[in-house]
Engineer: 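Here it is: the structure, laid out below.
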Amino acid sequence: RSGQQKGVLMFAGTSTQPDVPEKVGDWMYLASFSDNVSAGSTGIFAAKDLGIKTAYLLKSSDNTYTENVPEYFAVTFEKYGGKVVGKGNFTFNQSDFGNIIAEIKSLPQEPDAIMTAAFEPDLPAFLRQARAAGIKSKIVGADGIDSPSFFAMGDLVEGTIVVSNRLPKPGSKYDELAARLGADH
C-alpha cells in the first residue's frame, strides 16, 4: 500500500509542480516553492521592476517544468502590463534553433526578453545561435539555468535574469525585492 493509503505524511522535496499534492492526495505536500508562484513572481518582477514590455516564451513540451513555467510567467506578466509576442517550442537536445530564431527575427520588433525554463544543453545552444543571429533580447529564466557552464559563456549571458529560490539576507537588494513582492521572510 502506498503512503497515501496508509496516511503517511509525505513531502516532495524537489517537485515544484503545483498539482502534485492534488494528484497524490491529502497526505502529500510540497516542501519547496511551486512553479506557479516562482514564475508568477518573475512575471511581476519583469513587468514592474525591470520595465520589460514584451516577451517571447521559449518552451518545451518534453517535460512539465519547461512547458509550464513560461506560461505561469505569462499570466502575471500580462496582468501587470506586459505582452507576450510569441511562443516557440523546442525538443530536448535540439541542436538547431533556426526556426525559432527566424520566428523571433520576423516579429515587428525584437522582444525585450525571452522567458524560458530551458536548461543545459538546450539553453546554451539556443543562446549562442540567437546572439550569432543578432538577437539582443534579455534572457529571463528560472532556476534551471543557474549553472556554472551557462555563466561560463561570458558576454553571451550578459543581462540574463535568473530567478531562483533563496533566503534573503536582511538589508540586501534581494530582501528589498522580496518585501516588494510580498514574500513572507
Side-chain angles (χ1 to χ4, degrees), residues 16-18 34-147 149-164 173-174 176-177 180-182:
T16 56
Q17 298 171 20
S34 61
D35 293 335
N36 59 333
V37 171
S38 175
S41 296
T42 304
I44 296 169
F45 179 62
K48 286 182 65 176
D49 294 291
L50 299 176
I52 294 172
K53 303 288 184 215
T54 58
Y56 182 92
L57 307 182
L58 179 62
K59 308 171 6 154
S60 174
S61 52
D62 286 352
N63 78 23
T64 55
Y65 178 75
T66 54
E67 182 173 34
N68 294 341
V69 166
E71 293 294 344
Y72 293 135
F73 165 88
V75 170
T76 57
F77 179 67
E78 290 184 324
K79 182 178 178 181
Y80 284 85
K83 181 177 180 185
V84 173
V85 295
K87 299 177 185 183
N89 196 42
F90 69 95
T91 58
F92 282 6
N93 297 310
Q94 182 171 325
S95 60
D96 182 0
F97 288 86
N99 289 342
I100 293 172
I101 290 168
E103 182 180 322
I104 294 169
K105 300 263 314 162
S106 73
L107 293 170
Q109 258 190 326
E110 184 174 303
D112 296 331
I114 297 168
M115 194 298 164
T116 188
F119 43 85
E120 294 186 32
D122 305 306
L123 185 57
F126 168 77
L127 188 57
R128 279 187 192 96
Q129 293 170 40
R131 296 299 189 238
I135 295 173
K136 294 178 175 41
S137 303
K138 291 180 187 290
I139 300 295
V140 176
D143 59 340
I145 72 171
D146 190 7
S147 68
S149 62
F150 179 75
F151 290 108
M153 294 172 62
D155 290 345
L156 292 180
V157 299
E158 189 65 37
T160 297
I161 296 107
V162 179
V163 179
S164 186
K173 292 274 187 201
Y174 185 72
E176 292 173 25
L177 173 62
R180 280 199 310 267
L181 293 175

Engineer: Heavy-atom count around E120 CD within 6.0 Å, excluding the residue itself: above 12?
Structural biologist: yes
Engineer: Mind checking the NZ-CD spacing from K53 to Q109? Nearest 0.5 Å is all I need.
Structural biologist: 12.5 Å
Engineer: Not counting sequence neighbours, list each pair that qualifies as a ring-ring contact (aromatic ring centres under 6.0 Å, His included) and has a residue in residues 100-125.
Structural biologist: F92-F119
Engineer: If we ignore hydrogens and angles and just use 3.5 Å, is the side chain of E78 paired with the main-chain N or O of G43 as donor and acceptor?
Structural biologist: no
Engineer: Between K105 and A133, is there a donor-acceptor pair closer than 3.5 Å when you use the side chain of the first and the backbone of the second?
Structural biologist: yes
Engineer: So do the side chains of I114 and I135 get within less than 4.5 Å of each other, counting heavy atoms only?
Structural biologist: yes
Engineer: Considering residues at least two apart in sequence or located in another chain, which fulfil the side-chain contact (heavy atoms from CB on, under 4.5 Å) criterion with T160?
Structural biologist: I139, I145, F150, V157, V162
Engineer: Flag the pair N99 / E103 as yes when at least one side-chain heavy-atom distance between them is below 4.5 Å, and no otherwise.
Structural biologist: no
Engineer: Could you check if a side-chain atom of T76 sits within less than 4.5 angstrom of a side-chain atom of S41, using non-hydrogen atoms only?
Structural biologist: no
Engineer: Would you call the rings of F97 and F90 parallel, tilted or perpendicular, taking 30° and 60° as the class edges?
Structural biologist: tilted
Engineer: Can you confirm whether F77 sits close enough to M115 that some side-chain heavy atom of one is under 4.5 Å from a side-chain heavy atom of the other?
Structural biologist: no
Engineer: Would you check if there is a donor-acceptor pair between the side chains of S137 and E110 at a distance under 3.5 Å?
Structural biologist: yes
Engineer: Taking T54 for the side chain and D112 for the main chain, is one N or O donor matched with an acceptor at less than 3.5 Å?
Structural biologist: yes
Engineer: With heavy-atom distances below 4.5 Å as the criterion, would you say the side chains of I101 and F126 are in contact?
Structural biologist: yes
Engineer: Should the heavy atoms of other residues, nucleotides or ligands under 6.0 Å from CG of N63 be counted, would the total exceed 12?
Structural biologist: yes
